[in-house]
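Written out below as structure tokens is the structure these notes cover.
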Amino acid sequence: MKRKQLESYLEEVNQFSSPKLELEQYATDSHLAASVLYTMESSFGDLQDKIVLDLGAGCGVLSIGSSMLGAGSVTSVELDSDAIGDLQDNVSEFEIDNIDIIQGDVTSDLLRPDFKFDTVITNPPFGTKNNEGIDMKFLDRALSVVTLSGAVYSFHKTSTRDFILRRMEGRGLNVEVIAEMKFKIPHMYKQHKKKEVLVDVDFIRTSGKSSSSRGS
Amino acid sequence: MKLLTHNMMRSHCKGVVNGFPLKLSSSQVDVKEIEFNPDFINRMLSRLEWPALVQIANQLGVGEGLPEMLPEEQKFEDEDVLKKIHHVLLEVEVVEGELECPETGRKFPISKGIPDMRLNEEE
């Protein structure tokens, strides 16, 4: 599938019908989603026929795009009932038959530790004063259920890049920023006067040392 | 909920040691035809908890022809066997039912095909 085609499909994915600010729910932009998913497949071969997990799937742009790019199976974990309703609507509208949804808290132990996924994707909440570090909890959870030869893809605020890179390298993992982008984040905090803010975001690929990686 | 998903989940109630396999009771099970990909099925095998898959397939009456054991090389050449595994893992869907923690008895509802694994804060 061509990138443009993927993008036009993902534009049809319905967004959150009742977004909740405390869960930092805003849809992953379809253009950005198409672009990063396309890179995951074309540069790294991390989607075609792979066993994929999407942590904090929301209304499902990344899950659906992964399935469209040939994932063998996609497991989508999401906490919020309204988001799951949207995700389910999207999955049935696109007639996708290899996405299975689990409702639950991503940071809890609801996956059997011996079952390993080839590719884990997460667009986590970036965290506010009340739940600082939640994106790292999502990333740690992702790393705990990926195969040694697999890869974890995650979005993080660019302001936390040095911290994440140091931490992953400290664990002996390969980590690289494979895309830099800006997220339009709707009014999330009371002190924000603007309707939305632009936040610099990195798309990061983390893999075990055994995994082949561009530039290494 | 596909049986593949059942095989990857566990109960995470407080104090649980394994929490696997979750017991299942079902009131609606559907079958959907899904494209068969033998390589994908073979790559999946080493990750599965095989006895739990056989057990749940038998319980739902779809286990006939499923090998009791995985071969040591964790691969099947026989396409009929792979198709059978494909069917059990991906095509059988529990739409309505309940999962139960094997250690605490805590129940998790399955509704519209989605298992709800949320716990209360004190759990």
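In what follows, chains are A, B, ... by sequence order, proteins preceding strands, each numbered from 1.
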Value rounded to 0.5 Å, distance of CD1 in Ile102(A) from CD1 in Ile114(B): 10.0 Å
Partner chain A: residue of Met9(B), Met8(B), Glu93(B) with the largest heavy-atom pair count (under 4.5 Å): Met8(B)
Identified side chain to side chain contact (heavy atoms under 4.5 Å, CB included) partner of Met117(B) from the options Leu110(A), Asp105(A), Leu111(A): Leu110(A)
Minimum side-chain heavy-atom gap Met44(B)-Ser73(A) below 4.5 Å: yes
Chain A-proximal positions within residues 76-91 of chain B [heavy-atom distance under 4.5 Å]: none
Pair Arg112(A)-Asn18(B), side-chain donor/acceptor within less than 3.5 Å: no
Contact residues of residues 76-87 of chain A (partner chain B; heavy-atom separation under 4.5 angstrom): Leu79(A), Ser81(A), Ile84(A)
Backbone of Asp109(A) reached by a side-chain donor or acceptor of Arg10(B) within 3.5 Å: yes
Test item: Arg43(B) side-chain N/O and Asp49(A) main-chain N/O as donor-acceptor pair under 3.5 Å: yes
Contacts with chain A made by residues 19-42 of chain B (heavy-atom distance under 4.5 Å), listed by residue number: Phe20(B), Glu33(B), Ile34(B), Asn37(B), Phe40(B)
Proximal to chain A - members of residues 45-75 of chain B, heavy-atom separation under 4.5 Å: Arg47(B), Leu48(B), Glu49(B)
Residue Phe183(A) excluded, over 12 heavy atoms near CZ under 6.0 Å: yes
Distance (rounded to the nearest 0.5 Å) between Thr5(B) OG1 and Phe115(A) CZ: 8.5 Å
Contact winner vs chain B - Thr147(A), Asp118(A), Thr75(A), heavy-atom pairs under 4.5 Å: Asp118(A)
